[in-house]
Amino acid sequence: MQLKWTAVALAAITLVACGKKEEAAAPAAAPAPTAAAPAAAPAPAPAGDTLVIKIGHVAPTSGPIAHLGKDNEFGAKMAIEDLNAKGLKVGDKVAKFELVAEDDAGDPKQGTAVAQKLVDEKVNGVVGHLNSGTTIPASKLYSDAGIPQISPSATNPKYTRQGFKTTFRVVADDTQLGGTLGKYAVETLKGKNIAVIDDRTAYGQGVAEEFEKAAKAAGATIVGHEFTTDKSTDFNAILTKLKAAKPDVLFFGGMDAVGGPMLKQVKQLGLNVKFMGGDGLCTGELPKLAGDAIGEDMVVCAEAGGVDGDFKQPLEDFKAKFKTKNGVEVQIYAPYVYDAVNVLAEAMVKAGSSDPAKYLPEVGKVQYKGVTGPIAFDEKGDIKNGALTLYTYKGGARTQIAVVR
């Protein structure tokens with residue numbers, strides 16, 4: 001008993017000698033009970049559970065058709081935001097989509113430069129480009145890198161006829177676009193003597209040639225085919241030459257930035273014609289560019305897409321949301337960009353991977369219900385059963401005539 005007491009005393013002396021408080025050795029008092037803490041918000045997914053997916057987008061956001069490029073880019077941004085809000089899983093990871101947006105200014109050289117930039121950045125997929133003239137040369141770079149590319153607006157048939165497995169488009173091509181317009185010019189507008197102008201771009205030349213073929217096949221006479229550029233502003237010489245041939249229809253293969261000023265000069269020269277064009281002309285901006293020269297029912301054009309039936313309301317809802325978010329009306333192809341981004345995401349989910357080599361086969365098999373209608377691709381990458389929407393302009397506003405397939 002004495003030995004035990006001595007041991008305790010020695011322990012106490014040792015603690016004091018070391019400068020430690022005796023109470024440190026005392027047993028800790030039990031903590032007072034506290035109210036339960038409120039439930040914490042779910043923690044964000046750990047970095048290891050998140051898969052970053054980069055979607056490249058290219059359009060001319062500078063230059064004369066920047067309004068069309070920005071329209072497309074707005075559509076891409078909306079798609080990315082909506083996908084991230086859904087919290088999609090690709091494989092066993094939550095996908096975090098990021099937009100890598102580039103400007104090609106509608107120039108083929110700049111188009112290939114930014115395409116290489118996206119390849120080097122190892123984007124998982126590309127939506128773009130806007131113009132056929134930039135889309136076609138860029139497509140080889142994406143093909144060589146094995147990166148799926150969906151164009152929301154390039155209509156030149158060559159784009160999907162190069163034998164690449166990576167090229168897709170969600171709109172009809174110039175064979176359908178120019179062909180339908182050529183037939184309409186003769187059968188509905190009763191055009192007999194038809195003049196053609198194109199801007200020598202891949203898009204403008206392509207749609208003009210298809211229009212001319214179809215108009216001839218329907219029985220029209222082509223009284224002249226003149227050329228300009230996508231940067232021209234003075235058309236008096238070629239219009240004066242064509243006026244002498246007395247056409248009743250004038251078709252322009254090119255974009256609205258050139259078509260608007262051309263319409264003004266058509267009016268100044270007293271050319272009494274129906275003025276026709278493809279989707280590059282058929283925009284919400286054309287009345288501003290042409291002013292009062294746009295007339296009433298004078299212009300007939302076509303959008304390389306369109307919806308009818310049950311798909312009308314979803315597209316209208318998208319357009320309303322677009323205006324609320326961006327403060328401007330849809331120009332033309334923003335809904336197709338939105339759908340193209342979602343098609344890439346759908347293919348990744350089905351493949352369980354964002355690796356281009358693994359999900360590419362799923363793009364070709366996709367059956368997607370978009371805001372622009374049902375999307376499925378044929379063996380070339382063209383949309384199946386693509387629609388066209390014919391428009392005119394009344395009271396300075398684009399007015400739908402019909403949806404045709």
Side-chain angles (χ1 to χ4, degrees), residues 132 153-161 169-199 201-226 242 245-256 259 262-263 266 271-283 286 294-309 332 372-373 378 380 382-394 398-405:
S132 295
S153 50
T155 55
N156 190 300
K158 182 183 175 183
Y159 168 56
T160 52
R161 287 164 172 71
R169 75 172 122 220
V170 289
V171 292
D173 69 12
D174 287 338
T175 306
Q176 297 163 282
L177 187 67
T180 298
L181 287 167
K183 186 178 177 183
Y184 189 87
V186 178
E187 295 183 358
T188 304
L189 299 182
K190 306 303 179 186
K192 294 179 180 178
N193 297 317
I194 295 177
V196 178
I197 300 173
D198 79 65
D199 68 359
T201 64
Y203 161 69
Q205 184 176 354
V207 72
E209 287 175 353
E210 293 298 335
F211 170 87
E212 189 171 319
K213 280 195 290 187
K216 280 181 180 176
T221 300
I222 305 301
V223 296
H225 190 144
E226 297 295 323
L242 291 174
K246 297 182 179 177
D248 40 40
V249 172
L250 171 58
F251 181 88
F252 172 57
M255 308 299 286
D256 62 355
M262 187 182 291
L263 268 166
V266 165
L271 254 171
N272 185 25
V273 292
K274 286 286 188 181
F275 192 88
M276 299 187 74
D279 52 331
L281 184 76
C282 212
T283 69
L286 185 65
I294 201 163
E296 292 289 306
D297 292 316
M298 176 186 170
V299 176
V300 176
C301 56
E303 175 183 319
V307 297
D308 46 21
I332 185 164
T372 61
D378 66 15
K380 296 189 299 294
D382 284 322
I383 191 166
K384 291 181 179 177
N385 198 29
L388 298 171
T389 307
L390 293 167
Y391 289 96
T392 188
Y393 289 83
K394 294 182 180 181
R398 197 174 71 152
T399 306
Q400 183 174 311
I401 299 172
V403 175
V404 294
R405 294 183 185 275

To check you understand the geometry: which heavy-atom pair defines the closest contact between [X] and [Y], and what is its length?
X: A208; Y: V196; value: CB-CG1, 3.9 Å
X: G182; Y: A214; value: CA-CB, 4.0 Å
X: T175; Y: P157; value: OG1-CG, 3.5 Å
X: G278; Y: C301; value: O-CB, 3.9 Å
X: L181; Y: G277; value: CD1-O, 3.3 Å
X: A302; Y: L390; value: CB-CD2, 3.9 Å

Extract all donor-acceptor atom pairs below 3.5 Å that involve side chains of residues 398-405 and protein atoms in other chains or at least two apart in sequence.
| residue | atom | partner | partner atom | Å |
| --- | --- | --- | --- | --- |
| R398 | NH1 | C282 | O | 2.8 |
| R398 | NH1 | E303 | OE1 | 3.4 |
| T399 | OG1 | A397 | O | 3.3 |
| R405 | NH1 | N385 | O | 2.7 |

Gap separating the [atom1] atom of [X] from the [atom2] atom of [Y], nearest 0.5 angstrom:
X: R169; Y: I383; atom1: CZ; atom2: CD1; value: 10.5 Å
X: L286; Y: L281; atom1: CG; atom2: CG; value: 5.0 Å
X: N156; Y: L177; atom1: CG; atom2: CG; value: 11.0 Å
X: Y391; Y: I332; atom1: OH; atom2: CD1; value: 7.5 Å
X: L242; Y: H225; atom1: CG; atom2: NE2; value: 9.5 Å
X: K192; Y: I194; atom1: NZ; atom2: CD1; value: 11.5 Å

Tell me, yes or no, whether the heavy-atom count around K158 atom NZ, taken from other residues, nucleotides or ligands under 6.0 Å, exceeds 12. no
Looking at N272, I want to see if its CG is surrounded by more than 12 non-hydrogen atoms of other residues, nucleotides or ligands under 6.0 Å. no
Can you name the side-chain hydrogen bond (donor to acceptor under 3.5 Å, both in side chains) partners of D174, sequence neighbours left out? T155
Not counting sequence neighbours, which residues clear side-chain hydrogen bond (donor to acceptor under 3.5 Å, both in side chains) with Q205? List them please. E209
Are [X] and [Y] close enough that some pair of their side-chain heavy atoms sits under 4.5 Å apart?
X: Q176; Y: L388; answer: yes
X: V249; Y: V186; answer: no
X: E212; Y: F251; answer: no
X: M298; Y: V266; answer: yes
X: M262; Y: I197; answer: yes

Please determine if D248 and K274 form a salt bridge, counting it only when a charged side-chain N lies under 4.0 Å from a carboxylate O. no
Do the side chain of D256 and the main chain of T283 share a donor and acceptor less than 3.5 angstrom apart? no
Please check: side-chain N/O of Y203 versus main-chain N/O of D279, any donor-acceptor pairing under 3.5 Å? yes
Pairing residues for T221 by the side chain to side chain contact (heavy atoms under 4.5 Å, CB included) criterion, not counting sequence neighbours: N193, V223
Please enumerate all residues that pass side chain to side chain contact (heavy atoms under 4.5 Å, CB included) together with T372, with sequence neighbours excluded. P335, Y336, D339, I375
Kindly write out the residues that satisfy salt bridge (charged side-chain N to carboxylate O under 4.0 Å, His left out) with D173, not counting sequence neighbours, or none if the list is empty. R161
